[in-house]
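Everything on this sheet refers to the single structure shown next.
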Amino acid sequence: MIYNTLSKKKEPFATVRQGQVGVYLCGPTVYGKAHIGHMVGPVLFDTIKRYLTYSGYEVRWVVNITDVDDKLIKAADEQGISMAEVAELNIKDYEDNLAALGVTQIDDFPKATECMGEIIDFIAGLIDEGYAYESQGDVYFDVAKDADYGKLSNRTVTEMQGDGGGAAARKRSAADFALWKSAKTGEPSWDSPWGAGRPGWHIECSAMSKKLLGETFDIHGGGLDLVFPHHENEIAQSESCHGKPMVKYWAHNGLLRKDAAAGKIGGRAERQGADREAGADDAGGSNDAGGKMSRSKGAGGLADLIAKQGGERIRFFLLRTHYRSTVLFSEEAIEEAAVGLETFYRLFKRYERVTGKSFYDLKPATIRAGVAANDAAAAAKQKFVAAMDDDFNTGSAIGELFELARLTNKFCEDNKLESSASEADQTTLTTLMTTIKELAGILGLFLHSPASAGGGDELLGSVMQLVIELRAEARAGKNFAVADAIRDGLKPAGIVVEDRPSGAEWSGGDTASLEAVMQMLIALRASSRAAKDFATADALRDKLAAIGVTIEDRAGGAEWSHT
RNA sequence: GGCGCCGUAGCCAAAUGGCUAAGGCAUCGGAUUGCAAAUCCGACAUCGGCGGUUCGAUUCCGCCCGGCGCCUCCA
């Protein structure tokens, strides 16, 4: 079942062509850096493609890039570079962000400037059919000729209150929209039967989707804010031109909101606020942050956010909520959600301790089928798939992932796998873990070992500060065995400690040192405990906890982690 | 003004006309642990308000209150 904005209902999913699915998602207009709101659609549709592929469909997913537009021209003027350069810069940023969030399933990335021929042909076709007219070098779509105009956004032409904008004088009706805009001098332009100009915003999607997916394709997506006018106009163009439905299912994702009062992220209020600020305090510098001034209030750019939070946590956060609902976005919310993610990471380490194998090396089934380890796991898997079948209910599906994690941990507990695991137990555990990998993979989660959270050097610094402290305390308490053990233990890490009258100093160390120091500390803690020196052992643990490092004792040794 | 969406426990968030209203975070017990952490077990909601339809509604309908979006570029 899939919800269709056009019918306002969930409908059974049936493809246009047997076994094949064509998906088109409206991508960004690349006049500025991407913000988190731009990622909602891609993450969702990436998941949808993974799921449809898992379900046996052959999927082609297209995301267009609007690289010609008034705002691009403006940005180019402001930055003193060409429109193409502005686009190139921001496309790079967009693609980097997509990759960081695990969006890897896009098949085609058409750019408006690379499809000029198709766009012009499309417009010419509409004029021939009588749906569009030329006016002083512009071409407009004649809304009055399209009987069912407004069916997607549920409005009628007479309800439309717009004043037609600055080009009203050239239009037959205020509701008519531009297919082709004549160029002013100095603007980038393309030759056409109507003179030099550039395409209107909506036509590129009609032209590109036709080119890559055909006149009728399966799923067209985008943010809820695109329903009108963008998608409404796409329908008008394509269906007038082809005389048949453009899209089977219109799927719109909800928008992100900053907090209860702020309106959507990147929304009108924010931009107006930005303009005001820019006007008030912009000293005229390069100001490449453009209209994203809200970031100066602490939000940070998307790249920064990803660097700080990690793509997987953001993806997980986005997928926890149903795609059609509004999501209140904040870093705090991501961090809270990420706590749940740790459950899985710990389970993966546990698996490695028991079997010596990496979760990330498991090769699950890539297609619906396969067996689960037991009835409970089978039930969870079945519910996961059922949730995805019901309008891609990723939130509910994630619930089942947690259920599976619980089941797996319980299996480890009940059979004391950390002490000794039989061949059969290991096999069962592997089956359980493989099921988790299989289902999580549909959501684009746990595909690769997450890069160790950055700031290794910084962490080493705080760890060393603590080590020095600890050693100072040991020395003060005449516990020289511990003090010497620390100093000797640091040597293999390439770190030298020197005692000075003003206190101890340390030097040396490289990227491998952190791990070595931690191993030393773990060993120190073990020997302290063996000697019943709990004061030292506990002080060590508590100091580490203070800088966000935790040590967990296991049957097979201790492990540390940093949050 | 027109067209829509949302309101579930302290927080986030699913599902559902009747069967235990998922799951996560937090909190409180219990097992485990030298103490912790992790893990497991258990506790923790009558679904914004009012009225209607129904044998029965959190779920359908109406009204009200509260929050939000679109109607202009926007994922």
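Every chain is numbered from 1, with letters handed out A, B, ... down the list of sequences.
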**OP:** Applying side-chain hydrogen bond (donor to acceptor under 3.5 Å, both in side chains) between A/Arg525 and each of A/Asp533, A/Asp538, A/Asp553, report the one that passes.
**Re:**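 The passing option is A/Asp553.
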Original post:
Considering the options A/Arg346, A/Arg353, A/Arg350, A/Arg554, which one meets the side-chain hydrogen bond (donor to acceptor under 3.5 Å, both in side chains) requirement together with A/Glu559?
Top reply: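 It is A/Arg353, the one option of A/Arg346, A/Arg353, A/Arg350, A/Arg554 that forms the side-chain hydrogen bond (donor to acceptor under 3.5 Å, both in side chains) with A/Glu559.
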Subject >> Residues in contact with RNA chain B, drawn from residues 385-395 of chain A - heavy-atom cutoff 4.0 Å >> reply: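 The stretch gives A/Asn393, A/Gly395 as the residues lying under 4.0 Å from the strand, ordered by number.
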**OP:** State whether the side chain of A/Arg320 and the backbone N or O of A/Ala337 hold a donor-acceptor pair below 3.5 Å, judged by distance alone.
**Re:**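 Judged by distance alone, no pair lies under 3.5 Å.
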**OP:** Output every pair passing ring pair (Phe, Tyr, Trp, His ring centres under 6.0 Å) with a member in residues 398-418 of chain A, not counting sequence neighbours, ordered by first then second residue.
**Re:**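 Found A/Phe344-A/Phe402.
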Can you tell me how far [atom2] of [N] sits from [atom1] of [X], to the nearest Å?
X: A/Lys543; N: B/rA37; atom1: NZ; atom2: P; value: 20 Å
X: A/Phe317; N: B/rC25; atom1: CZ; atom2: C1'; value: 13 Å
X: A/Glu332; N: B/rC25; atom1: CD; atom2: C1'; value: 14 Å
X: A/Leu152; N: B/rG69; atom1: CG; atom2: P; value: 20 Å
X: A/Asn415; N: B/rC40; atom1: CG; atom2: C1'; value: 13 Å
X: A/Glu336; N: B/rU27; atom1: CD; atom2: P; value: 12 Å
X: A/Glu335; N: B/rA26; atom1: CD; atom2: P; value: 13 Å
X: A/Lys151; N: B/rC70; atom1: NZ; atom2: P; value: 24 Å

Picking from [options], which would you name as closest to the side chain of [X]?
X: A/Arg155; options: B/rC70, B/rG24, B/rA75; answer: B/rC70
X: A/Arg406; options: B/rC70, B/rA26, B/rC41; answer: B/rC41
X: A/Cys26; options: B/rA75, B/rG67, B/rA14; answer: B/rA75

When rounded to the nearest Å, what value does the distance between [atom1] atoms of [N] and [M] take?
N: B/rA15; M: B/rC50; atom1: C1'; value: 26 Å
N: B/rC71; M: B/rU58; atom1: C1'; value: 33 Å
N: B/rU53; M: B/rG7; atom1: C1'; value: 23 Å
N: B/rC11; M: B/rC63; atom1: P; value: 29 Å

Original post:
Rounded to the nearest 0.5 Å, what separation is found between the NZ atom of A/Lys33 and the CG atom of A/Asp93?
Top reply: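 Rounded to the nearest 0.5 Å, the NZ-CG separation comes out at 5.0 Å.
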Paired with [N] by Watson-Crick or G-U wobble geometry, both distances under 3.5 Å: which nucleotide is it?
N: B/rC40; value: B/rG30
N: B/rA57; value: none
N: B/rG66; value: B/rC6
N: B/rU16; value: none

Phosphate OP1/OP2 of [N] contacted by [X] side-chain N/O (<4.0 Å):
X: A/Ser325; N: B/rC68; answer: no
X: A/Arg320; N: B/rG24; answer: no
X: A/Asn409; N: B/rC40; answer: yes

Subject >> With A/Trp61 via ring pair (Phe, Tyr, Trp, His ring centres under 6.0 Å) - residues at least two apart >> reply: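 By the ring pair (Phe, Tyr, Trp, His ring centres under 6.0 Å) rule, A/Trp61 matches no residue at all.
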When we call it a touch if two heavy atoms are under 4.0 Å apart, what does [X] touch: a base, just sugar-phosphate, or nothing?
X: A/Leu25; result: nothing
X: A/Leu347; result: nothing
X: A/Gly221; result: nothing
X: A/Leu226; result: sugar-phosphate
X: A/Cys412; result: nothing
X: A/Ser396; result: base
X: A/His230; result: nothing

**OP:** Would you mind telling me which of A/Asp390, A/Asp391, A/Asp389 makes a salt bridge (charged side-chain N to carboxylate O under 4.0 Å, His left out) with A/Lys10?
**Re:**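 Checked A/Asp390, A/Asp391, A/Asp389 against A/Lys10; only one passes salt bridge (charged side-chain N to carboxylate O under 4.0 Å, His left out): A/Asp390.
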Subject >> Pairs flagged by salt bridge (charged side-chain N to carboxylate O under 4.0 Å, His left out) wherever residues 375-387 of chain A is involved - sequence neighbours left out >> reply: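 Residue pairs with at least one partner in residues 375-387 of chain A: A/Lys381-A/Glu438.
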**OP:** Could you name each residue pair satisfying salt bridge (charged side-chain N to carboxylate O under 4.0 Å, His left out) that touches residues 218-235 of chain A, not counting sequence neighbours?
**Re:**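 Those involving residues 218-235 of chain A are A/Asp225-A/Lys264.
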Subject >> RNA chain B: 5'-proximal contact among A/Ile398 and A/Gly27 (nearest heavy atom) >> reply: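 Nearest nucleotide further toward 5': that of A/Ile398.
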Subject >> 5' priority, RNA chain B, between A/Lys8 and A/Glu552 [closest heavy atom] >> reply: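 Taking each residue's closest nucleotide, the earlier one in sequence belongs to A/Lys8.
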Subject >> Distance-only donor-acceptor test (3.5 Å): side chain A/Glu400, base B/rG23 >> reply: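 Counting by modelled atom types and ignoring angles, no donor-acceptor contact under 3.5 Å is found here.
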Among side-chain atoms of [X] and [Y], is any donor-acceptor pair under 3.5 angstrom?
X: A/Glu400; Y: A/Gln382; result: no
X: A/Tyr31; Y: A/Asp70; result: no
X: A/Tyr351; Y: A/Ser358; result: no

**OP:** Report, as a single string ordered 5' to 3', how protein heavy atoms within less than 4.0 Å touch nucleotides 29-35 of chain B: B base, S sugar-phosphate only, - not at all.
**Re:** -----BB
